[in-house]
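Structure first, commentary second.
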Amino acid sequence: MYDKERGLYVAHCDAGDLAIVGRMANRHGLIAGATGTGKTVSLQVLAETFSQAGVPCFMADMKGDLSGISQPGRMSGFIEKRKDEFGLENPHFQACPVRFLDVFGEQGHPIRATVSQMGPQLLSRLMGLNNTQDGVLNIVFRIADERNLLILDVKDLRSMLDYLSKHAKEYTTKYGMISSASVGAIQRALLQLENQGADRFFGEPSFDVFDLLQTEKGMGILNVLAADKLMMQPKLYSTFLLWMLAELYDRLPEVGDLDLPRLVFFFDEAHMLFDETSKALVDKIEQVIRLIRSKGVGIYFVTQNPTDIPDSILGQLGNRIQHALRAYTPKDQKAVRAAAETFRANPSFKTEDAIMTLETGEALVSFLDEKGAPSIVQRAKILFPLSQIGAIDGGQRADIIRRSMIYGKYDNAIDRESAFEVLLRESEQQSLVETEQRQLAEQEKELAKAERQQQKETTKKSEGLFSKILKATITAVTATAATAAGSALSDAVTGKKTKSRTSTTQKMVKNTTSAATRTLTRELTRGLLGNLLK
């Protein structure tokens with residue numbers, strides 16, 4: 001709970017109240033402990049305390065239990081026994097303003113991001129790509145930037161991959177080898193994402209992280225992400241939260257250490273953030289966590305064991321609540337010793353032993369002091385929530401969603417012109433051009449064929465005409481020659497050559513020549529007229 005006297009009061013020990021120093025709340029924190037030891041209640045207490053102080057929060061609700069923070073709590077036997085210990089004789093139970101979010105849009109306002117906002121690095125991790133495939137994905141984004149193509153949703157990315165596959169030779173010299181096998185592997189990984197529901201996450205309108213910073217009646221709004229279904233897709237869950245952290249880091253202005261943080265971000269099941277994560281990405285996460293506190297944002301990791309978190313990041317988590325750990329195996333015992341060594345020792349007890357004997361709702365607590373130094377670890381009891389412990393029903397959830405300030409802002413997806421539409425139009429235009437070229441080539445082929453056929457027919461007719469003329473000429477010449485030969489033979493027999501016979505022979509030759517000439521002229525005229533008429 002929060003009040004001006006005790007500040008961000010969350011736990012009580014033999015030494016007194018334990019509260020987080022407001023100016024140190026953005027130095028991040030850790031809530032750890034085995035299953036059933038009270039991590040979720042501790043998260044709820046911290047969140048409602050920040051909300052009462054006017055600090056909005058973001059948290060993932062794994063089982064639906066955190067939805068009860070939207071309703072006022074009520075007295076119970078457990079609270080009755082412990083209220084006096086906390087100095088709360090008449091606790092003022094109250095609800096916190098809550099906004100429900102859901103990547104799948106089923107139990108809260110839809111929350112989306114564009115593929116471009118996610119970027120190739122996070123997207124590569126989400127799809128589990130190797131180095132070669134990651135390189136091809138980076139080429140896709142570079143080409144999209146060069147061509148001013150928007151990659152907003154899954155179909156845009158699929159279209160870009162198809163385009164790259166068809167034009168790989170054009171880009172090989174500039175960007176290196178682009179194999180069809182790598183493109184195919186990315187396409188298959190993208191299909192798996194679609195089957196997991198990622199197609200509903202990628203798109204517009206994309207979520208505005210400034211909506212996380214809103215307050216209501218002086219209290220910070222608690223943005224509760226429905227994660228029960230999202231938890232079944234651990235890579236999508238962790239990558240989504242990584243994207244949100246990156247967006248906060250990129251868009252929020254520098255503010256330094258404020259009296260209270262602008263936003264507190266709770267990352268439940270934090271081990272998922274680092275499972276199968278490359279060193280390059282871990283380095284990026286470390287950088288964001290280190291620098292985002294100057295933007296007024298505090299990040300609190302919630303996990304079973306502190307060893308789930310890399311040492312480079314664990315060392316930046318100044319405010320810690322450690323619930324019980326079990327040590328049944330040598331590996332568990334080693335983890336307990338490692339957890340104990342992260343605290344500043346208290347001479348009153350042995351930290352390692354205390355971790356294994358903590359009761360439910362009890363924890364080892366160490367917060368940063370005014371100077372930013374970790375305080376001595378205390379064995380403390382976590383304050384009970386003033387809001388309801390446990391889930392709400394569907395009707396209550398629906399009513400809260402309808403009353404939200406962002407109701408209707410993200411409910412309807414938008415599909416504006418992007419890479420898919422542009423490349424589809426280009427493909428259709430290219431297909432049309434290719435069809436026209438093919439038809440023109442076929443027409444030219446048919447025309448050439450017709451011309452060849454016509455030439456063949458003309459040649460054939462010319463040859464026929466020549467044959468007729470030659471035949472007629474030969475016939476006429478033969479007839480004349482025969483007549484002349486007959487006359488010569490007759491003269492040889494009779495020994496006479498009459499004038500009349502000579503005249504007759506000359507007339508026959510003349511007539512024959514005229515006939516041949518007329519035949520030649522007639523055939524030529526017919527051939528020419530026939531060609532002209534055609």
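Just so it is clear, the model here is predicted, and its values are computed rather than measured. Here, residue 1 is the first one in the sequence, and each next residue gets the next number.
- Under the side-chain hydrogen bond (donor to acceptor under 3.5 Å, both in side chains) rule, S404 has a single partner from H109, K409, E216, which is H109.
- Note that the OG1 atom of T303 and the CZ atom of F274 stand 9.0 Å from one another [nearest 0.5 Å].
- Counting non-hydrogen atoms of other residues, nucleotides and ligands closer than 6.0 Å to CG of N131 gives a total of 12 or fewer.
- Here the closest non-hydrogen pair linking P374 and R344 is O-NH1, 3.1 Å.
- Atom CG of N130 is surrounded by more than 12 heavy atoms from other residues, nucleotides or ligands within 6.0 Å.
- Here the side chain of Y410 pairs a donor or acceptor atom with the backbone of D208 at under 3.5 angstrom.
- Between the side chain of T215 and the backbone N or O of G220, no donor-acceptor pair lies under 3.5 Å.
- By the 4.5 Å heavy-atom criterion applied to side chains, L213 and L252 are counted as neighbours.
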Start with the C-alpha distance between V98 and L66, add both sets of side-chain angles, then the distance that settles side-chain contact (heavy atoms from CB on, under 4.5 Å), and finish with yes or no. CA-CA 10 Å; V98 170; L66 287 176; over 6 Å; no
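- There is a side-chain donor-acceptor pair under 3.5 Å between T329 and D332.
- How far CG of L191 is from CD of Q196: 10.0 Å, rounded to the nearest 0.5 Å.
- Annotation: cation-pi geometry satisfied between R397 and F100 (NZ/CZ under 6.0 angstrom from ring centroid, within 45° of ring axis).
- F265 is not listed as a side-chain neighbour of L212, based on a closest heavy-atom distance of 4.5 Å or more.
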Let me see the working for E362 and H323 under side-chain contact (heavy atoms from CB on, under 4.5 Å), right down to the final yes or no. CA-CA 6 Å; E362 199 176 16; H323 288 278; over 6 Å; no
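- Listed for the E48 side chain is a donor-acceptor partner under 3.5 Å among the backbone atoms of S387.
- Side chains of T351 and N346 form no contact here, defined as non-hydrogen atoms less than 4.5 Å apart.
- Under the 4.5 Å side-chain criterion, counting only non-hydrogen atoms from C-beta, I20 is not in contact with T49.
- Across all non-hydrogen atoms, the minimal contact from L18 to A380 is CD1-CB, 3.6 Å.
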Checking Q121 against L242 for the side-chain contact (heavy atoms from CB on, under 4.5 Å) test, could you report, in this order, the C-alpha distance in whole Å, the side-chain angles of both residues, the deciding distance, and whether it holds? CA-CA 11 Å; Q121 187 180 36; L242 275 177; over 6 Å; no
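- No side-chain donor-acceptor contact under 3.5 Å links R74 and Q388.
- Within the 4.5 Å cutoff, the side chain of L225 has heavy atoms near those of the F58 side chain.
- Side-chain polar atoms of E204 and T114 form no donor-acceptor pair below 3.5 angstrom.
- In this model, no donor atom of one side chain and acceptor atom of the other lie less than 3.5 Å apart for T40 and D65.
- Put simply, the side chain of E352 never gets that close to the backbone of A340: no donor and acceptor are under 3.5 Å apart.
- A donor-acceptor pair shorter than 3.5 Å can be found between the side chains of D228 and Q107.
- For the 3.5 Å distance criterion, the side chains of R99 and Q214 qualify, holding a donor opposite an acceptor.
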Walk me through whether I321 and F367 qualify under side-chain contact (heavy atoms from CB on, under 4.5 Å). CA-CA 8 Å; I321 298 176; F367 298 142; 4.1 Å; yes
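- Judged by distance alone, the side chain of E421 and the main-chain N or O of S418 form a donor-acceptor pair under 3.5 Å.
- The residues D257 and R27 are annotated as salt-bridged, a charged nitrogen and a carboxylate oxygen being separated by less than 4.0 angstrom.
- Remark: K155 engages D153 in a salt bridge, criterion side-chain N to carboxylate O under 4.0 Å.
- Heavy-atom neighbours of N90 CG from other residues, nucleotides or ligands within 6.0 Å: at or below the threshold of 12.
- Side-chain contact between V224 and S67: absent, with no pair of heavy atoms (C-beta onward) separated by less than 4.5 Å.
- Ion pair K39/D268 not flagged as a salt bridge, since none of the NZ, NE, NH1 or NH2 atoms sits closer than 4.0 Å to an Asp/Glu carboxylate oxygen.
- We find the CD1-CG distance between I139 and L164 to be 6.5 Å, quoted to the nearest 0.5 Å.
- Taking a cutoff of 4.0 Å between a charged side-chain nitrogen and a carboxylate oxygen, R23 and E370 do not qualify as a salt bridge.
- Although no hydrogens or angles enter the test, the distance criterion places no donor-acceptor pair under 3.5 Å between the side chain of S51 and the main chain of A47.
- I31 contributes atom CD1, which lies 5.0 Å from atom CG of L43 (distance to the nearest 0.5 angstrom).
- S206 is listed as a side-chain neighbour of Q117, based on a closest heavy-atom distance under 4.5 Å.
- For the pair D84/E89, a side-chain contact is recorded, criterion being any heavy-atom separation below 4.5 Å from C-beta on.
- Under the rule for a ring pair (Phe, Tyr, Trp, His ring centres under 6.0 Å), the partners of F86 that lie at least two apart in sequence or sit in another chain are F384.
- Around CD of E254, the count of heavy atoms belonging to other residues, nucleotides or ligands within 6.0 Å exceeds 12.
- How far CG of L101 is from CG of L230: 11.5 Å, rounded to the nearest 0.5 Å.
- Considering OG of S124 and CG of L137, their distance stands at 6.0 Å, rounded to 0.5 Å.
- More than 12 heavy atoms of other residues, nucleotides or ligands shown are found within 6.0 angstrom of CG on D353.
- Ring orientation note: the planes of F267 and F301 are close to parallel, at an angle under 30° on the 30°/60° scale.
- For the pair N138 (side chain) and D134 (backbone), a donor-acceptor distance under 3.5 Å is present.
- Other residues, nucleotides and ligands place more than 12 heavy atoms under 6.0 Å from the CE atom of M405.
- When all heavy atoms are compared, the tightest approach of L386 to H92 is CD1-O, 3.7 Å.
- Here the side chain of D199 pairs no donor or acceptor atom with the backbone of V154 at under 3.5 angstrom.
- Under 3.5 Å, the side chains of T239 and R125 contain a donor-acceptor pair of N or O atoms.
- More than 12 heavy-atom neighbours from other residues, nucleotides or ligands sit within 6.0 angstrom of CZ on F349.
- Around atom CD of E106, more than 12 heavy atoms belonging to other residues, nucleotides or ligands sit under 6.0 Å away.
- Remark: side-chain polar atoms of Q316 are not paired, donor with acceptor, to backbone N or O of I313 under 3.5 angstrom.
- A donor-acceptor distance shorter than 3.5 angstrom exists from the side chain of S116 to the backbone of I151, with no hydrogens or angles considered.
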